[in-house]
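Chain A is the first sequence line, chain B the second, and so forth, proteins listed ahead of strands; every chain is numbered from 1.
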Number of protein chains: 2
Amino acid sequence: MVVDASLRRTLHKRGMRMTPQRQLVLDAVRDLHHATPEQICEHVQRVAPAVNITTVYRTLDLLEGLDLVRHTHLGHGAPSYSTHAHEHVHLVCHRCGDVTEVPPAALTNLTEQLGARFGFVLDCSHLALSGRCSRCVEHAETAAEVNGS
Amino acid sequence: MVVDASLRRTLHKRGMRMTPQRQLVLDAVRDLHHATPEQICEHVQRVAPAVNITTVYRTLDLLEGLDLVRHTHLGHGAPSYSTHAHEHVHLVCHRCGDVTEVPPAALTNLTEQLGARFGFVLDCSHLALSGRCSRCVEHAETAAEVNGS
DNA sequence: TTAGGTGCAAACTTTTTGCCTCCGA
DNA sequence: TCGGAGGCAAAAAGTTTGCACCTAA
């Protein structure tokens, strides 16, 4: 997807090789928007059935090292990979596991503070915030008294 | 730790039984501050060597359902369990996996916004924010041009 | 007494490693 | 050509399940 030559250059710059698998995995991450390694593998295998899940893991590691993709742990299970292009914040409910996507605009304040005070560059493009969704808040009252005592 | 009777009451209220294992696991989570199931198990086994890792998993699930503990995925590996009492925000570096703890004060703005606009109750007591730590920011420049093109 | 809870072993899922072959530069 | 990369199989890490026995209520 447009960037083929760029991936090749980036790899060569570090003495690494361009391979069809690496392009396919990168394309899959771009196409799928936060997908698990297994989903990425399935997607790649539609075009190249011989590609192994091991290669997908190794390539995702590599691409993450090159800062071309990243991963976030949304719910319990497998991590979720995406590119910088896919911008939003995830609100993950502790209790029911529900994930809501919201625009990253609300974070500009926080980003500035963390940068100024800790030198930490917050990744607003793919952030997971944990808490409790509106539905589950209503169920929380019963247990609250235990913590309060 | 003080709350023994409270745990028993909470369990009985739901037709569940109080057991030494449940108290030990809850105490371990309180003592250890964000520990993995395996670490919790080891801690419990110092006092009660026969307690099985299976029981730890089952009990953590149970206690989370009772809203007495919670878990967060910090880095790659195992989840990290803690209680509400342990208040801080984790800054997790995407690149090197480093985790910095900062006070949750910076989040008051964000908490209000998310509550007002989405009904989402952000859990400030044990939040993981992903991004890049100050050291790794310096290494990022080399790859940046690829994304920019 | 008796149903819920535990321990143990085995299965399962997800990820990593070793090793040999293959192929990109 | 030749060392990095991929495929395959096995191992490791993390978690869940089945079942018989035990114990809190």
Side-chain angles (χ1 to χ4, degrees), chain A residues 4-5 7-29 34-42 44-45 47-66 68-69 71-81 97, chain B residues 4-26 28-29 34-42 44-45 47-66 68-69 71-81 97:
Chain A
D4 294 20
L7 176 58
R8 167 167 269 118
R9 258 198 304 120
T10 309
L11 290 166
H12 284 184
K13 221 183 298 179
R14 320 213 170 187
M16 295 164 164
R17 291 183 185 169
M18 176 62 171
T19 65
Q21 287 89 336
R22 290 177 173 178
Q23 187 65 57
L24 286 165
V25 169
L26 180 54
D27 288 350
V29 175
H34 57 86
T36 64
E38 195 170 350
Q39 291 170 328
I40 291 164
C41 189
E42 281 167 19
V44 168
Q45 286 178 339
V47 179
V51 172
N52 198 274
I53 183 85
T54 303
T55 301
V56 173
Y57 277 108
R58 283 194 280 231
T59 305
L60 287 172
D61 256 21
L62 180 95
L63 295 176
E64 194 155 28
L66 296 175
L68 294 172
V69 309
H71 79 272
T72 317
H73 295 272
L74 294 182
H76 285 234
S80 178
Y81 283 82
Chain B
D4 294 20
S6 176
L7 176 58
R8 168 168 267 119
R9 257 198 304 122
T10 308
L11 290 166
H12 284 185
K13 221 184 296 182
R14 319 211 173 189
M16 294 162 166
R17 291 183 186 170
M18 177 61 171
T19 66
Q21 288 90 335
R22 291 177 174 176
Q23 187 64 58
L24 286 166
V25 169
L26 180 54
V29 174
H34 57 87
T36 63
E38 196 168 352
Q39 291 170 328
I40 291 164
C41 190
E42 280 166 20
V44 168
Q45 287 178 340
V47 179
V51 172
N52 197 271
I53 183 85
T54 304
T55 300
V56 173
Y57 277 108
R58 285 193 280 229
T59 305
L60 286 172
D61 256 21
L62 179 97
L63 295 176
E64 195 155 27
L66 296 175
L68 293 174
V69 308
H71 78 273
T72 317
H73 296 272
L74 292 181
H76 284 237
S80 178
Y81 284 81

Please report the distance, rounded to the nearest Å, between [atom1] in [X] and [atom2] in [N].
X        : N       : atom1 : atom2 : answer
His71(A) : dT14(C) : NE2   : P     : 16 Å
Lys13(A) : dA25(C) : NZ    : P     : 16 Å
Ile53(A) : dA9(D)  : CD1   : P     : 15 Å
Leu24(B) : dT6(C)  : CG    : C1'   : 13 Å
Leu11(A) : dA25(C) : CG    : P     : 9 Å
Leu26(A) : dA5(D)  : CG    : P     : 16 Å
Gln45(A) : dG7(D)  : CD    : C1'   : 12 Å
Arg22(B) : dG4(C)  : CZ    : P     : 11 Å

Under 3.5 Å: donor-acceptor pair, side chain of [X], backbone of [Y]:
X        : Y        : answer
Gln21(B) : Thr59(B) : no
Arg22(B) : Arg17(B) : yes
Gln45(B) : Ala50(B) : no

For [N] and [X] - does any side-chain N or O of the residue sit under 4.0 Å from the phosphate oxygens OP1/OP2?
X        : N       : value
Gln21(A) : dC23(C) : no
Asn52(A) : dC8(D)  : yes
Tyr57(B) : dT16(D) : no

So Thr10(B) and Met16(B), do their side chains get closer than 4.5 Å, heavy atoms only?
no
If we check side chain to side chain contact (heavy atoms under 4.5 Å, CB included) with Arg58(B), which of these qualifies: Val56(B), Asp61(B), Thr54(B)?
Thr54(B)
Run through Leu60(B), Leu63(B), Val25(B) and flag the one making a side chain to side chain contact (heavy atoms under 4.5 Å, CB included) with Tyr81(B).
Leu60(B)
Quick one, give me the B/S/- string for nucleotides 17-25 of chain D, reading 5' to 3', where B means a protein heavy atom under 4.0 Å from the base and S means that only happens at the primed atoms, P, OP1 or OP2.
BB----BBS
Looking only at heavy atoms, which two atoms of Arg14(B) and Gly65(B) are closest? And how far apart?
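Heavy atoms of Arg14(B) and Gly65(B) come nearest at NH1-O, 4.5 Å.
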